[in-house]
Amino acid sequence: MGYKEDGVISIDDLKLPNEEQLKKGVAIVECLENIPCNPCVEACPFGAITMRDLNDTPKVNYDKCTGCKRCIAVCPGLAIFVVKLEGEDALISLPYEFLPVPKKGDVVFALDREGKVRGNAKVEEVRKVGKTHIITIRTKKEDAMVVRNIRVVK
Ligand code: SF4
Ligand code: SF4
């Protein structure tokens, strides 16, 4: 099933980067609605995100994207992630606006797009940009395109 059928984005809905692009780290923009919004385009210092017009969906040029993460916190839809492959691991940076905020070194639940637990992940970095935290977790390479949220272990 895909986004049009059940509202949950699947990798079939996305134009994905190749393995080499994922090794350097790139933004995965999971924004499929034609809404008037474009702060992600404005936020990218490398011109890696483009839209034909304000109502278009954003497209990422994975060769231009450096994985700098500047686009993550500006997205009001929390739809931008940066994914980087490191050996057998995937580093996933995601926007996080819940409490409590995890700390570097914590082990958290890694969740898929439906909120189901895929396993555990280790928090590698916590950054605050405005009211949004950017949490970078380390998880399994095979979950690079599956894990898109976390839940703090109490
Ligand atoms: S991660 Fe950085 S370079 Fe890549 S699209 Fe976002 S702002 Fe641009
Ligand atoms: S800022 Fe977020 S919601 Fe707005 S166009 Fe970009 S990805 Fe979509």
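One-based numbering, in listed order, for ligands and for the atoms of each.
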Exercise for review: Please report which non-hydrogen protein atom sits nearest to atom 6 (Fe) of ligand 2, along with the residue it belongs to and the distance in Å to one decimal place.
Suggested key: C40 SG, 2.3 Å

Exercise for review: Enumerate the atoms of ligand 1 whose separation from the nearest heavy atom of T66 is less than 4.0 angstrom.
Suggested key: 3 (S), 4 (Fe)

Review point. Salt bridge (charged side-chain N to carboxylate O under 4.0 Å, His left out) between K69 and E125: does it pass, once the steps are laid out?
Key: CA-CA 12 Å; K69 307 180 191 175; E125 185 187 69; 3.3 Å; yes

Exercise for review: Provide the number and element of each atom of ligand 2 under 4.0 Å from a heavy atom of C31.
Suggested key: 3 (S), 5 (S), 7 (S), 8 (Fe)

Exercise for review: For P76, counting its heavy atoms only, list the atoms of ligand 2 lying under 4.0 Å from any of them.
Suggested key: 1 (S)

Study note, to complete from the structure: Within 4.0 Å of some non-hydrogen atom of P39, the atoms of ligand 2 are 1 (S)

**Study point:** Close side-chain approach of R148 and D143, heavy atoms under 4.5 Å
**Key:** no

Exercise for review: Give the intermediate values and the outcome of salt bridge (charged side-chain N to carboxylate O under 4.0 Å, His left out) for residues K141 and E86.
Suggested key: CA-CA 8 Å; K141 179 181 178 181; E86 237 180 48; over 6 Å; no

Review point. Which ligand 1 atoms, with their elements, are less than 4.0 angstrom from a heavy-atom of G67?
Key: 1 (S), 4 (Fe)

Study note, to complete from the structure: of all protein heavy atoms, closest to atom 5 (S) of ligand 2 is C37 O, 3.3 Å

Exercise for review: Walk me through it: do D89 and R138 pass the test salt bridge (charged side-chain N to carboxylate O under 4.0 Å, His left out)?
Suggested key: CA-CA 6 Å; D89 295 344; R138 182 178 293 275; 2.9 Å; yes

Check your understanding: Strictly under 2.8 Å, is any N, O or S atom of C75 next to atom 8 (Fe) of ligand 2?
Key -> no

**Study point:** Identity and separation of the nearest protein heavy atom to atom 2 (Fe) of ligand 1
**Key:** C68 SG, 2.3 Å

Practice item. Step through the shown structure and confirm whether more than 12 heavy atoms of other residues, nucleotides or ligands are within 6.0 Å of NZ on K24. Key: yes

Check your understanding: So, T132 and E97: side-chain donor and acceptor under 3.5 Å apart, yes or no?
Key -> yes

Check your understanding: Considering residues, nucleotides and ligands other than K59, do more than 12 of their heavy atoms fall under 6.0 Å from its NZ?
Key -> yes

Review point. Is K69 touching ligand 1 with its side chain, its backbone, both, or neither, if touching means heavy atoms under 4.0 Å apart?
Key: backbone

Check your understanding: In the protein, what heavy atom is nearest to atom 4 (Fe) of ligand 1, and what distance, to one decimal place, separates them?
Key -> C65 SG, 2.3 Å

Check your understanding: Under a heavy-atom criterion of less than 4.0 Å, does I49 contact ligand 1?
Key -> yes

Check your understanding: If hydrogens are left out, which of P58, C44, G25, A43 has an atom nearest to atom 8 (Fe) of ligand 1, that is, the closest non-hydrogen atom?
Key -> C44

Exercise for review: Kindly indicate whether the side chain of I28, heavy atoms from C-beta on, has any atom under 4.5 Å from the side chain of M145.
Suggested key: yes

Exercise for review: Answer with yes or no whether the side chains of E20 and Y62 bring together a donor and an acceptor at under 3.5 Å.
Suggested key: no

Point to revise | Atom indices of ligand 2 within 4.0 angstrom of V29 heavy atoms, with elements | key: 7 (S)

Exercise for review: Can you establish whether the number of heavy atoms outside F98 located under 6.0 Å from its atom CZ is more than 12?
Suggested key: no

Check your understanding: Can you list the ligand 1 atoms lying under 4.0 Å from a non-hydrogen atom of C71?
Key -> 1 (S), 5 (S), 6 (Fe), 7 (S)

